[in-house]
Amino acid sequence: MFLQLNDVGKTFEDKEKGEFEVFSNIDLSIDRKEFVSLLGPSGCGKSTLLSMVAGLEHATSGTIQLEDKQIKQAGPDRGMVFQQPSLFPWLNVRDNVTFPLKSTLSKQEAEKRADHFLKMVHLSRFKKHYTYELSGGMQQRVAIARALAMDPKVLLMDEPFGALDEQTRHILHDELIKIWEETQKTILFVTHSIQEAIKLSDRVIVMGTRPGRIIADFNVDIPRPRKRSDERVIELEDKVMNLLKEEINKVLKEELNNELEYSH
Amino acid sequence: MFLQLNDVGKTFEDKEKGEFEVFSNIDLSIDRKEFVSLLGPSGCGKSTLLSMVAGLEHATSGTIQLEDKQIKQAGPDRGMVFQQPSLFPWLNVRDNVTFPLKSTLSKQEAEKRADHFLKMVHLSRFKKHYTYELSGGMQQRVAIARALAMDPKVLLMDEPFGALDEQTRHILHDELIKIWEETQKTILFVTHSIQEAIKLSDRVIVMGTRPGRIIADFNVDIPRPRKRSDERVIELEDKVMNLLKEEINKVLKEELNNELEYSH
Amino acid sequence: MNLNILIKRILFLVAVVGIWQLIFSAGVLEEIIFPSPLSVWEALYNGFTTGDFLGALGASFRHLFIGLAMAIAFGTVIGVILGKSKQADETAGMYLIAMQSIPSIVWVPLAIMLFGFSEFAVIFVVVLGGTFVMALNVRTAIQSVPPQFIRAARTMGTRGISSFFRVEIPSSVPYFMTGLRLAWAFSWRALMAGELLSNGPGLGYSLAYAQDYARMDQVVAIIVIIGVIGAVVDQFVFSKLEKNVRNRWGLS
Amino acid sequence: MNLNILIKRILFLVAVVGIWQLIFSAGVLEEIIFPSPLSVWEALYNGFTTGDFLGALGASFRHLFIGLAMAIAFGTVIGVILGKSKQADETAGMYLIAMQSIPSIVWVPLAIMLFGFSEFAVIFVVVLGGTFVMALNVRTAIQSVPPQFIRAARTMGTRGISSFFRVEIPSSVPYFMTGLRLAWAFSWRALMAGELLSNGPGLGYSLAYAQDYARMDQVVAIIVIIGVIGAVVDQFVFSKLEKNVRNRWGLS
Amino acid sequence: GSSSTSGSGNSDKDEVTIGYFPNIDHAAGMVAEDKGLYEEALPEGTDVNYQYFPDGSAFMTAIETGEIEGGIVGPGPAMNHFTSGAKINIVAAGATGGTVIMARNGADIESAEDIKGKTFISPRVGCTHDVQFETMMKNEFGITSDRLDGEMKHVTGKPATYSSMFESGKVDVAAVPEPWAAYIEAQGTGEVLFQNDEVAHNVNMPASVFVTSEKLKEKDPGMIQNLVDAHKKATDFVNENPEESKEIAIAQIKEITDQELSQEVVDSSWERMNFTYEVEANEIQMFADSSYELQFLEEKPNLNGLVDTTFIEE
Ligand SMILES: Nc1ncnc2c1ncn2[C@@H]1O[C@H](COP(=O)(O)OP(=O)(O)OP(=O)(O)O)[C@@H](O)[C@H]1O
Ligand SMILES: Nc1ncnc2c1ncn2[C@@H]1O[C@H](COP(=O)(O)OP(=O)(O)OP(=O)(O)O)[C@@H](O)[C@H]1O
Ligand SMILES: [Mg+2]
Ligand SMILES: [Mg+2]
């Protein structure tokens, strides 16, 4: 398998609350060039799982392997795009993209490469701009270009469009699919949005919470571009929604401290 | 008519850019107890229009009338819920809700009233809490309770759920519809989201941009609760989406400085 | 703060005193310019038992409280005027910053010339030390009231003077607290400057006096007292207050 | 800043000088205590033409630059250590705050005792004035590097010392600038305190000297110079720099 | 040391504030306070307060702001302030002599020549002792201070600290007012280099003077007369009862400064002083000229009107 998670578990040591097990016994296999979405309610451990693949967190138990090699720490073979803007404000757009290339390429080569990917995300014009001059959508485009510029084997995306408004999100969806088709990367994509997961991915992994676990794994074999009004899309959305409802209610009840029970 | 906008226009005086006309010649009539959504791309003037109905901005031309009385300034007959949390952090939840009642009701009556509406939004348990202890969704619930507590004739909502995650939004949609049915308020609801507008409202007003204007006015006579998978919903979504596509592209092109044109 | 940290801090202090004693014992410096920890401790002990330090402290706090209270009052009034009136701000705002950047010790000669060696001269310097920084923070406070709050209040029929008291004032509290903390810090510095050059009584005067008579043990003892008071008041009163307020107001 | 505002400010200044002249003309205060605007202007003019003020200014800036440079260097080293090591921070952090809350004027007697009346005593006080506030801000800077940035760098294969120089340092620049501005402000205050009580040369010494010879016109002239320099350096150098950096770093 | 200050300046007849320092050359002030001589001379029911100043400039400022009515101060500050426009009068002398030049033990200073390249200390820049010392050095040995681009480095500090300054080697030479010269000798940290009669302006030039403000002279010359009378009485007492006066001085200094001077120190400093209230205008003028020559004053001073001897002659 290309990316293989075996019996993975994660427990945080919290000074105040003691040990907290986010999930355990997660098994997952992902093929080369697959676009896989991780979907689930808040707190089920999606980000934690992604961080472990990135090598930013260590698994408490189990193994994670990329091309049969154990993942031990973060490295440029796995590019990551975060929800919060993580561009460096002291660098201009192009220097942000060449940041990971400094150690391996000459300045000229790095810039050529950066320009290539900036063109891919339609930001050639903004090479010399600084972060604060860009809208949120443009910043995420740069972050995608930066991750791609390292030529990683896997692209990890943690709710990359979560902070954007709906219209911008739609546009970036289309761009991301185009880039994915062009670069043939494997993508592991975390999202809250059922719609987004179904629109984009080959596979939707649905996670549940308390404890975190995988509750379903759907193959989405609907040809792209997928229309919201497509019957197969709607059917799948409904399926996932029903699966998640119970999970969402768990979270909600906790938030309202069981008030719903007696006020209804 | 209950709420009547006649030939309304708004021009901002900007010191740097000179005059900027957001829109002109807006005509709109809204019935008592109607739930109307305003939908449109960023910058088309939705918030401006809502603020004018609230009395927070003055119309440069035209008239706005509520029950045949000209709207001159803000007043408690129009309650407003903003996108950004606008609860007062120095007051606890209940005192936030009684804030507008201080001048008209005794303390006891005000609190009784506040408790009633806090119960309606399922937050009785959180009366004594302060804003920083609440999640975004809970804060918006309090804001709704606060607006309702004034017993306004119209409830104005400016992307009230824009900053929340999808799951929380779904839950609040259901709550809002319930409240609307219970209280029989007229609601003017601004949103970016086609789905949200169609799910909630009796009428969807679609606005275009540059210049801001009303480009369509759909009646949604689909019985509630509306399901995403309902054919009529999908059909309407498609219609609105097509209408808006052109408008969205206008905004997008401006952002990318026409780059799309030559990179494609 | 848990026990572990407390122990570390105490050990650090012990180490510092130990090094001090070592340097003293090495005898490279004359005792008259480099007192031993023990003699400083004795100076502290004697100063407190004879009541000298307590008297000086009392006088210092009297100056400080009167001066700080006036600084807060004046600063608030000036700050509110500049915060509410763009005209006033554009006209006088810059001079406020200029006044704030004059070290308060510089006012002492002027204060003495104008008011003589009375305690009022010291209080005058304390007032000047705190007023401008307070005014600058109150101005910022008023200007930083989120327009969102004012708009929300207007939709609830609250405007004008009522909005000022029910929305703008409470919303300004965190900046006001910052102003208080800084006014205290600058007034405290000004107090020492004023007293050091004045004719007593007060902690600063005691310090100058100890120096005049080459009592290094007393000099160090008074510096220790000043450091402890400064740190304690800053940490346990103003910073704590400010932090709690900012937390409640959702600002941190 | 447009012309309109400039005019308002000048008018305000004219009004203040006018009131000053009026009070002077009323003759309620002796000239030796309350000089006229004209005599202050003459003192300024004479001070600059005879070169006295320029000499004093030169000496003051020499003390300030040496002291500030050392304060920045020490402060940065201490700040980085406390920012990177939780152990060190828990142990010594509190004492840093205590040191910072000791008014720098208080160090002057100690400095004179330890170093005599050399310029080094003044520089010592300036260094103490700036070091702690610099260290506190550098500590905050290091602790405030968004973990997001460090994580992002790690996913790009940048960690350890390379991450420190390529990510943590540049990310800290805004707080570092704040540290610089505050270090300047406190060093400037410390400089005046040190010079006023020391043996010259320097602006603070000139002030003390003018006071000894009851030259109120010179006293006021020197206060004006100090205010102008303080305001100009603060506004046109440090605040501006800090604002630009914060803006670029997307922090305001 | 604590004192009851009168707060703000008052010309209220029922209250008078006298200023002086706890120095030997201000012994007349201490005796007058101890014996209640001012109270005696002033009209019945007048409250007399005393204020002790850290230095002459502070004293002069207090006179100018009306905070004190009069008191004993060095002639240096009085003259400096007068030339800057302060409206004050010297109405009597306090004492003459009392300035001694001390050299640090181990500084290898045997003669004036050895002072070249060394550091000397005096209470203030341009104070009485400074002018006396620098005038002597300039006129007799041609050595000037760094202020005049000369070879001596000049620093200032409170006399009480000179002994420790010597001990730590911070300074080499000191122009010291009594009793601190005797104190240094007793401590063994320094020795006399020039006796009090060797320094300039030391015989008839007062080491301390009694100063009042011009305003008071215009408004209430009678009060000045009363004060001067009391001062004369105190000076006579000092000359007639040296031992009791010494006791008073020791007690007062202890009370005000917390420093206990030994009998031996006071005895030897007494030797170097002469307590008199007689003052001559031209002595002061000569002193001022020296001060001008040393460039402490910007213009050639004209001290006409500073000294007013009418009250002592009365
Ligand atoms: N460093 C940490 N220490 C302790 N607990 C943590 C830590 N990081 C995450 N957690 C906890 O682990 C759980 C999973 O967090 P995670 O961020 O992976 O959830 P998520 O699925 O990404 O949620 P969201 O959709 O809100 O981003 C949460 O309960 C969280 O509080
Ligand atoms: N106070 C103002 N001064 C100048 N221009 C303004 C002002 N307020 C709004 N505008 C401009 O008016 C236009 C409409 O703004 P408005 O906030 O109403 O848009 P909107 O439709 O609510 O957008 P969004 O969906 O982003 O909230 C925008 O171009 C905006 O820049
Ligand atoms: Mg997450
Ligand atoms: Mg809007």
Side-chain angles (χ1 to χ4, degrees), chain A residues 39-42 118-126 129 134-135 137-138 141 159 162-172 175 178 191-196 227-231 233-239 241 244-245 247-249 251-253 255-264, chain B residues 39-42 118-126 129 134-135 137-138 141 159 162-172 175 178 191-196 227-231 233-239 241 244-245 247-249 251-253 255-264:
Chain A
L39 187 68
S42 210
L118 283 173
K119 190 162 186 185
M120 193 180 274
V121 296
H122 308 302
L123 286 173
S124 300
R125 280 264 185 120
F126 292 86
H129 286 234
L134 307 181
S135 70
M138 292 158 97
R141 278 201 187 92
E159 302 189 45
L164 308 178
D165 69 61
E166 192 163 312
Q167 264 93 46
T168 313
R169 217 180 297 165
H170 281 304
I171 292 155
L172 287 185
E175 277 198 29
K178 237 180 258 158
T191 178
H192 263 121
S193 164
I194 301 172
Q195 212 184 320
E196 186 170 75
K227 291 206 66 170
R228 278 278 300 294
S229 44
D230 190 311
E231 251 176 42
V233 170
I234 291 166
E235 194 190 337
L236 190 53
E237 271 186 20
D238 258 9
K239 249 195 224 162
M241 179 59 112
L244 276 180
K245 235 175 201 156
E247 297 297 323
I248 295 169
N249 268 327
V251 178
L252 179 72
K253 271 194 188 156
E255 182 181 270
L256 294 188
N257 235 343
N258 302 324
E259 162 141 357
L260 283 176
E261 284 173 1
Y262 59 84
S263 76
H264 273 288
Chain B
L39 188 67
S42 210
L118 282 174
K119 190 162 186 186
M120 192 178 276
V121 296
H122 307 304
L123 286 173
S124 300
R125 281 263 187 121
F126 293 86
H129 286 235
L134 306 182
S135 70
M138 291 158 96
R141 278 201 187 93
E159 300 190 45
L164 308 179
D165 69 60
E166 195 166 308
Q167 265 92 46
T168 312
R169 218 179 297 164
H170 281 305
I171 292 157
L172 288 185
E175 277 198 28
K178 237 179 260 160
T191 179
H192 264 121
S193 163
I194 302 171
Q195 211 185 320
E196 186 170 76
K227 291 205 65 170
R228 279 278 299 293
S229 45
D230 190 310
E231 251 174 44
V233 170
I234 292 168
E235 194 189 338
L236 191 53
E237 272 186 18
D238 259 9
K239 249 195 222 164
M241 178 60 111
L244 275 180
K245 235 175 202 153
E247 297 298 323
I248 294 169
N249 269 327
V251 178
L252 180 71
K253 273 193 186 156
E255 180 182 273
L256 294 187
N257 235 341
N258 302 324
E259 161 142 355
L260 282 176
E261 282 171 3
Y262 59 87
S263 77
H264 274 287

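The sequence lines fix the lettering, A, B, ..., with proteins before strands; numbering per chain opens at 1.
Ranking H192(A), R228(A), E235(A), K227(A) against chain B, the residue ahead of the rest is R228(A), based on heavy-atom pairs under 4.5 Å. Listed options H170(A), Q195(A), M120(A), E231(A) were ranked by heavy-atom pairs under 4.5 angstrom with chain B; first place goes to Q195(A).
Atoms CG and CZ, on L118(B) and R125(B) in that order, are 14.0 Å from each other to the nearest 0.5 Å. The distance from the CG atom of L134(A) to the CG atom of L123(A) is 7.0 Å, given to the nearest 0.5 Å.
Residues L172(B) and G137(B) share a closest heavy-atom pair of CD1-O, 4.0 Å.
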Apply the test side-chain hydrogen bond (donor to acceptor under 3.5 Å, both in side chains) to residues E159(A) and T191(A): give CA-CA distance (whole Å), side-chain angles for both, the deciding distance (0.1 Å), then the verdict.
CA-CA 5 Å; E159(A) 302 189 45; T191(A) 178; over 6 Å; no

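Heavy atoms closer than 4.5 Å to chain A are found in the side chain of M241(B), but not in its backbone.
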